[in-house]
Amino acid sequence: MNVHEYQAAEVLARHGIPVNEGRVATTPDEAEEAARAFGSLVAVKAQVHTGGRGKAGGIALARTPEEAREAATRILGMDIRGHKVGKVFVVPGADIAKEFYLGVVLDRPQRRTLVMASAEGGVDIEEVARERPEKIVRALADPLLGFHAYQARQMAFALGIAPDKVAGFAAIAQRLYETYIAEDATLAEINPLILTGSGEWLALDAKMSFDDNALFRHPDVEALRDPAEENATEVEARRSGISFVKLDGTIGCIVNGAGLAMATMDAVKLHGGEPANFLDVGGGASAEQVAKAFGLVTADPNVRAILINIFGGITRGDVVASGIREALGRVEVKVPIVVRLAGTNAEEGRASLAEAGLTAVDTMDEAAAQVVTAAA
Amino acid sequence: MNVHEYQAAEVLARHGIPVNEGRVATTPDEAEEAARAFGSLVAVKAQVHTGGRGKAGGIALARTPEEAREAATRILGMDIRGHKVGKVFVVPGADIAKEFYLGVVLDRPQRRTLVMASAEGGVDIEEVARERPEKIVRALADPLLGFHAYQARQMAFALGIAPDKVAGFAAIAQRLYETYIAEDATLAEINPLILTGSGEWLALDAKMSFDDNALFRHPDVEALRDPAEENATEVEARRSGISFVKLDGTIGCIVNGAGLAMATMDAVKLHGGEPANFLDVGGGASAEQVAKAFGLVTADPNVRAILINIFGGITRGDVVASGIREALGRVEVKVPIVVRLAGTNAEEGRASLAEAGLTAVDTMDEAAAQVVTAAA
Amino acid sequence: MSILIDRETRLLVQGITGREGSFHTTQMVEYGTNVVAGVTPGGRGKTVAGVPVFDTVADAVGETGANASIIYVPARFAPDAVYEAVDAGIPFVVCITEGIPVSDMVPVAAYVKAKGARLLGPNCPGLITPGEAKVGIMPGSIHTPGPVGLVSRSGTLTYEVVDALTRAGLGQSTAVGIGGDPVIGTSFVDALRLFQDDPKTEAIVVIGEIGGSDEEDAARFIAEHVTKPVAGFIAGQTAPPGKRMGHAGAIISGGTGTAAEKIAALEGAGVRVAESPSQVPGLLREAMAG
Amino acid sequence: MSILIDRETRLLVQGITGREGSFHTTQMVEYGTNVVAGVTPGGRGKTVAGVPVFDTVADAVGETGANASIIYVPARFAPDAVYEAVDAGIPFVVCITEGIPVSDMVPVAAYVKAKGARLLGPNCPGLITPGEAKVGIMPGSIHTPGPVGLVSRSGTLTYEVVDALTRAGLGQSTAVGIGGDPVIGTSFVDALRLFQDDPKTEAIVVIGEIGGSDEEDAARFIAEHVTKPVAGFIAGQTAPPGKRMGHAGAIISGGTGTAAEKIAALEGAGVRVAESPSQVPGLLREAMAG
């Protein structure tokens, strides 16, 4: 789960990290008022769940409250990489002497938490990682003991931070790690982390993502969810225990299992079509879940045909077939449906579906070919 | 550092353990009032930093507020193993269906935290450990991961706790472990932990001790210190960085190093004397520390002679000797002093002390023999 | 022969009286798996599909000599179940449970490794040595004994490929589902090492998906250490970046973890990578023919 | 020969620019110890007693090949210093620091052991191999090379016994102070095993005190594994129960950890236990004469 910059900053502040305290504005009036309150140069920053705000014009500097108002007027409502800007974060300008990058993520191959830092702050860290990897300093936290103070200091020295600023950097790095662990984050990032002209450390921008599987123990994090940033269908799917991701194509997919669902999308593409979604209906593919899946898929007006791909395993193909028939009795589907049913008792299942007038085939490739034709 | 039962119960309650909520009374009036407030049978329990309250008559049951008053009148002011009772804890009577013991301590040889439990609750656990060790169930917490839920359940099953009560016991055991760790305890004990007639778990008595070395990070625990329970001289010594323990003999001891201080006491005893104290003046044995040590030792009216035993190591014997002379210039000591000075430059030191009219000898045994004679 | 499990495996089921646990225990027993014990706290004295239930893993191991465990307990309790199994001396633990927080799995994975035990999963379908033992939730009927070792991050996609292999007359030595989470116990490389060393495995199939770099690590390992023919498939060529595709671990983040990278890495290591699961048996036969 | 340290030891001092650190570094260098590096964060470029200072242990090890470390940092930072040393690959770490909370030491001790490293202390005087290397805070001058291995929980009491041995013409192979805390890295048994295996150590002295059961464990180990003559002394026969006698670990609790028990255990294992430190050399000579 992603949150906005201003929310991430709040979380970091709660864990003792010095952040640039700004105000959220949803109207130009509020932005102007915020700028007036700060009484200084401010930055007006679009709050959207995507990167590249700067390049897209979603961040503006304003020297006066009036300029802040103008900037907010321009930025609010803007579309950045498909995200509509509903809020801006107005923050006082900072006296930047030096910029750093500091981030905490999972290192999957090492199965450990990784703390990363770079003296090349304020720029895209992925670009730094690709082009000047030697500029990134890394430390793996111990999986049982955590991120040691000495590791944080070691990073600071490796970044060339002046001895009298090392303790401050190390404290922030340790707190960022603690925040990541305590809040079950999947990403905690400060970019840039700055040293001000007066020698203070300050987190000037913050980014956090959270582990969906751990939200049950973080109601306060769950409360940060911004419905405006989420696809309504995806939210509805999650409530039904269905994994759903909206895509731009025309062929709706209903599949049991995440891997098979991706493979099904790939097959559609291979046969010249474009998938309209990823959808994992779950292992059992019960009538109820399939009915819900139909509802989710048909909510997309772009969908011109539906491919149901079920591999009957523990749940037998004939049972899945009756489930699909029952689901079609509950939900009206106006586009063509191609069912691919394989596995245990698949033949009986296909026969039952054919009886009901559905196109039921044996292989995934055949099904993909047919559904692409049907959608054309 | 030790605390009273009522304070330990407060700490446990803060960590989510169900405790028998009582009231502290320092006068018979308060005890009566507390009993009236509970409106039931109450126990009136002496609050002292020692065990064996029950046997000493420090715990009484009272059926009426008047009886509670009488009990408090009798118990307040009582001397239990050298501890004067200044407070009683008035707690409502509980409906005991079954009593257990639950405790957390350090297992020194294993270098791990040990959780112990027994279905023989409410009695002296050390006696159970000696006489029926098979009645005690033990689990070592993982030094890096802590005390697992499965370990707590395993203990419950081993104690024969009914399946529907296992989760409740396990939760309390885990919380007691967490309390121990979170508060830097050296002992956390519930005895008895009871199952009430209605099937609820309740901590009926609580005992906690804390790691002196960790008090710096627990100001709230430090605040529980009861000056009335501490020897004023020991408190004063601690403030000066001197380890001091009051004993019952007549020979004051001033030694550098804890091991040597114990060995010195032993030597006094071996030569027929009784040490009045344990005192470790620290490694350097500076004039200032020695002067403070004289003050601590001579505060005890039983002291009839003083043995100073210094092994000059890094700090040379002649420097120690001038320190002793300087200290004697600051503090008036009216009892005989025998100084044993050994190690680097000890000879020069002894000569210097002899000049000042002090008995200065070479060996510990000789010094012990002389000081015992001097005190006789 | 086979890897990890066979007819000598003495299986313990943790969470045996739950809905999933009891259903799949019955399925595993019917398949012929030697399920010797189950654990559910407070369940002592019960039986599930004829399997005796114990209160604790220690009791179950003490009474039955179980030497492998499969976990069907809810995500909040699954890490504790792994610790209980490993601390009771079980050397091989399969965790089916989906939805365990990553921060719980990081210490679990480290602990299991430090203890010299092996974890498969979590969020995996388990594994099967056809005709000998099924330790998981896969449909046993689609498998048949044979020379192909299969390792996969997914469930039904694995069944799809196994089914295709079986229909093509290519039986399986062992089929292993390593799971779709970001932090898992047994990696592709671990499974590949076992297959390479297993005399009965003559060829290997690798089924990967987007996210992480486990397939790239596998490619490096294959290039350096695997002498047996390998075919593969990578799911998620059409997956968009930044979106979790069902599995918690199936996400392209920071531009890495794409299917294209993984396919390129595997092909660079000499693996024949199929465009569609149905092509896997044919590619594997080609590879086996040399 | 000797145990743990000798003239080949390349010593690193953590906390070298502090008051204690710099004083004892000078002392150790004067004794002839091969002190190759020091660490104080931000101290790079400085020197103490001619020893170069680095910001981190990793830097110091990389530049100087240090293979042992001694820690003089305050209690709040000492556990981190141990982790830093062990993670930088130093196999032997001596922690002088007093006053480290037990709850910090429990994971430290477990971690050091899991990494295959060795910790001496904390709250110990260190160790010395006379004439070769002094890694600690003891007065070097009272020691002399010889055949007696000495292991002790205390500081000045050890000096007392060493002085008596030296005066009696009994030099020391190595004298080890294991420290007076409840949780320490190297136990009596660990040191005894090393002395038993050290060809230059011909006899052993054990100096114990009240609290814990390390001396009882030592007695069992001596009875089973030690063939060399052993003499000993236990301090605290007159200590009252429930009171901490200076050392955090010197406390009789729950009626266990008394001097009487320890003396009985050692005597039961054939150790000659002295009534007074001054008797130790005589008893040891008796034991050595057989």
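To find a chain, count down the sequence lines: A is the first, B the second, and so on, and within it residues start at 1. Hydrogens, waters and symmetry mates are skipped; everything else that's a heavy atom, side chains included, is used.
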Any Lys/Arg nitrogen of [X] or [Y] sitting under 4.0 Å from an Asp/Glu carboxylate oxygen of the other?
{"X": "D/Arg244", "Y": "B/Glu234", "value": "no"}
{"X": "D/Asp104", "Y": "B/Arg217", "value": "yes"}
{"X": "D/Glu275", "Y": "B/Lys269", "value": "no"}

Self-check item: chain D contact via B/Ala263 - which portion, at a heavy-atom distance below 4.5 Å
Solution: both
Self-check item: Proximal component of B/Asp266, with respect to chain D [non-hydrogen, under 4.5 Å]
Solution: both
Looking at [X] and [Y], what are the two nearest heavy atoms and their distance?
{"X": "D/Val183", "Y": "B/Leu106", "answer": "CG2-CD2, 3.6 Å"}
{"X": "D/Gly185", "Y": "B/Arg111", "answer": "O-NH2, 3.5 Å"}
{"X": "B/Thr344", "Y": "D/Pro139", "answer": "OG1-CB, 4.4 Å"}

Please state whether the side chain, the backbone, both or neither of [X] comes within less than 4.5 Å of a heavy atom of chain B.
{"X": "D/Ile100", "answer": "backbone"}
{"X": "D/Asp217", "answer": "side chain"}
{"X": "D/Glu98", "answer": "neither"}
{"X": "D/Met105", "answer": "neither"}
{"X": "D/Arg153", "answer": "side chain"}

Quiz item: Is the side chain of B/Arg108 donor-acceptor paired with the backbone N or O of D/Ser213 at a distance under 3.5 Å, no angle test?
Solution: no
Quiz item: Under the 3.5 angstrom rule, does the side chain of D/Thr156 hit a backbone N or O of B/Phe311 as a donor-acceptor pair?
Solution: no
Heavy atoms only, distances under 4.5 angstrom: which of [options] has the most pairs with chain B? Name it, please.
{"options": "D/Pro101, D/Ala75, D/Ala164", "result": "D/Pro101"}
{"options": "D/Gln237, D/Met245, D/Glu216, D/His24", "result": "D/Met245"}
{"options": "D/Ser103, D/Pro182, D/Gly212", "result": "D/Pro182"}
{"options": "D/Ile184, D/Ile142, D/Val161", "result": "D/Ile184"}
{"options": "D/Ser187, D/Gly211, D/Ser141", "result": "D/Gly211"}
{"options": "D/Pro107, D/Gly208, D/Gly236", "result": "D/Gly236"}

Self-check item: Member of D/Leu157, D/Thr238, D/Ile210 meeting the side chain to side chain contact (heavy atoms under 4.5 Å, CB included) criterion with B/Met262
Solution: D/Ile210
Tell me if the [atom1] atom of [X] is crowded by more than 12 foreign heavy atoms within 6.0 Å.
{"X": "B/Asp248", "atom1": "CG", "answer": "no"}
{"X": "D/Phe23", "atom1": "CZ", "answer": "yes"}
{"X": "B/Glu222", "atom1": "CD", "answer": "yes"}
{"X": "B/Lys246", "atom1": "NZ", "answer": "yes"}
{"X": "B/Gln289", "atom1": "CD", "answer": "yes"}

Quiz item: Can you find a heavy atom in the side chain of D/Ser154 that is under 4.5 Å from one in the side chain of B/Leu260?
Solution: no
Practice problem: Walk me through it: do B/Phe216 and D/Arg76 pass the test side chain to side chain contact (heavy atoms under 4.5 Å, CB included)? | Solution: CA-CA 10 Å; B/Phe216 71 89; D/Arg76 293 182 203 201; 3.4 Å; yes
